[in-house]
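Structure record follows, encoded as structure tokens.
The model shown is predicted, which means the values in this text are computed figures rather than measured ones. Atoms considered below: every heavy atom in the structure, side chains included; atoms not considered: hydrogens, waters and symmetry mates. Residue numbers run from 1 in the order of the sequence given.
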Amino acid sequence: MAIFGINRADDVMKEYDYEHWYISGHSLGGAMAASYAAENTDKLDGVILPAAYATKDLGDLAVLSIYGSNDGVLSVEKVELVAEAIQLKREVPERSVSQIIYILELEGRVEPGRLKRSTMQRYLYKAGFGERQMQMYKDARKSSSKRFCKPNRMMLVQANIKYGPKLPIEKKGAMVQTYLSLVMDDHSRYILQAQFYDNQEETVVEETFRKAILKHV
């Protein structure tokens, strides 16, 4: 699934020495292709989106969007909702479809009662996040977590970035997506440093590590 390998285009580009590159993806794959393009505008000339929409700003990249005039299935809103639902499922795999819909309704992402459980369940399944698929994922984590967990504290330090809340921190109160950058001990899961940012740039991870070192050394 595209969502599990957004950066696989890098491998293709390394293998072929072409002067011009365009990326394309259908439906949810298009949303993932657009996400890659938004972070790699210097590598691409444009994006082609058959039955798909970009959910991020693509800057000056050329964009060709192809869709049917009577398309009643796909919309910008639906692509964004599915992306939000996938993120909620990835954060807490035990979340049910009903709980995900409830959270989206509470956040004002969709009107109460508008989003059907069967519809969301179908989209999650196509993206690889169905109940059976998530059970396989959880079983794999149970069997592998002990194997990869370090036996003693501070043998390995991990960094991660998680989606945070959207906050009105832009000019005129515009909502901005925030991200929680953290560093933790692999063995104990003790948080060494954590802070919210308004982006996911590499410098955020570097700064989090630096602050963790200064705090504990």
Side-chain angles (χ1 to χ4, degrees), residues 1-4 6 25-39 41 47 49-59 61 63 65-131 133-134 137-138 160-182 191 194-201 204 208:
M1 307 299 288
I3 194 167
F4 294 118
I6 296 178
H26 173 263
S27 190
L28 185 60
M32 298 302 103
S35 294
Y36 174 86
E39 302 297 331
T41 56
V47 184
L49 302 173
Y53 295 90
T55 58
K56 292 187 177 182
D57 183 13
L58 297 177
L61 283 177
V63 180
S65 183
I66 305 171
Y67 57 92
S69 57
N70 295 322
D71 189 348
V73 177
L74 184 67
S75 65
V76 175
E77 179 187 20
K78 187 168 290 184
V79 170
E80 292 177 345
L81 282 176
V82 172
E84 293 267 3
I86 289 173
Q87 184 60 38
L88 289 169
K89 192 70 172 178
R90 294 182 72 178
E91 290 175 354
V92 182
E94 293 78 11
R95 275 187 179 130
S96 66
V97 174
S98 297
Q99 289 173 327
I100 290 174
I101 293 175
Y102 181 63
I103 292 173
L104 293 174
E105 291 176 345
L106 284 179
E107 293 180 346
R109 303 288 291 127
V110 64
E111 296 178 8
R114 181 181 176 186
L115 190 58
K116 295 183 179 179
R117 181 180 179 277
S118 58
T119 301
M120 179 56 70
Q121 192 167 20
R122 183 172 68 252
Y123 276 99
L124 286 174
Y125 181 81
K126 288 182 178 180
F129 289 86
E131 291 183 5
Q133 295 159 312
M134 293 308 298
Y137 172 71
K138 287 191 291 184
N160 203 348
I161 293 182
K162 295 289 186 181
Y163 274 78
K166 290 185 177 180
L167 300 175
I169 57 178
E170 276 284 357
K171 294 181 179 179
K172 297 183 180 180
M175 301 297 286
V176 175
Q177 177 67 60
T178 63
Y179 306 89
L180 177 63
S181 176
L182 61 87
I191 305 298
Q195 184 173 332
F196 283 100
Y197 293 86
D198 62 356
N199 65 83
Q200 302 182 76
E201 299 296 331
V204 167
T208 306

Item checked: Residue list, side-chain contact (heavy atoms from CB on, under 4.5 Å) with Asn199, at least two apart or on another chain -> Glu201, Val204
Check: Which atom names give the shortest non-hydrogen contact between Pro50 and Gly25, and what distance separates them?
Finding: CD-O, 3.2 Å
Next item on the list: Name all residues meeting the salt bridge (charged side-chain N to carboxylate O under 4.0 Å, His left out) criterion together with Lys116; count only those two or more places apart in sequence or in a different chain, and write none if there are none.
Entry: none
Checklist line | Spacing of Ser98 atom OG and Met120 atom CE [to the nearest 0.5 Å] | finding: 11.0 Å
Margin query: For Thr41, give me all partners under side-chain contact (heavy atoms from CB on, under 4.5 Å), at least two apart in sequence or on another chain.
Written below: Leu61
Next item on the list: Applying side-chain hydrogen bond (donor to acceptor under 3.5 Å, both in side chains), run through Gln99 and Arg95 and close with a yes or a no.
Entry: CA-CA 6 Å; Gln99 289 173 327; Arg95 275 187 179 130; 5.9 Å; no
Checklist line | Closest heavy-atom pair and its distance - Ala34, Leu58 | finding: O-CD2, 3.4 Å
Checklist line | Side-chain ion pair, Glu94 and Lys89, N-O less than 4.0 Å | finding: no
Margin query: Checking Ile101 against Arg117 for the side-chain contact (heavy atoms from CB on, under 4.5 Å) test, could you report, in this order, the C-alpha distance in whole Å, the side-chain angles of both residues, the deciding distance, and whether it holds?
Written below: CA-CA 7 Å; Ile101 293 175; Arg117 181 180 179 277; 4.3 Å; yes
Next item on the list: List for me each residue that meets side-chain contact (heavy atoms from CB on, under 4.5 Å) alongside Gln195, sequence neighbours excluded, and say none if there are none.
Entry: Gln193, Tyr197, Glu207, Lys211
Margin query: In the structure I gave you, are the side-chain heavy atoms of Ile103 and Leu88 within less than 4.5 Å of one another anywhere?
Written below: yes
Next item on the list: Supply the atom-to-atom distance Asn160 CG to Leu180 CG, rounded to the nearest 0.5 angstrom.
Entry: 8.5 Å
Check: Where do Glu170 and Met175 land on the side-chain contact (heavy atoms from CB on, under 4.5 Å) test, with the steps shown first?
Finding: CA-CA 6 Å; Glu170 276 284 357; Met175 301 297 286; over 6 Å; no
Item checked: Qualifying residues under side-chain hydrogen bond (donor to acceptor under 3.5 Å, both in side chains), relative to Gln177, sequence neighbours excluded -> none
Checklist line | Shortest non-hydrogen separation from Ala85 to Ile100 and the atoms involved | finding: CB-CG2, 3.7 Å
Item checked: Set of residues satisfying side-chain contact (heavy atoms from CB on, under 4.5 Å) with respect to Pro165, sequence neighbours excluded -> Leu167, Thr178, Phe196
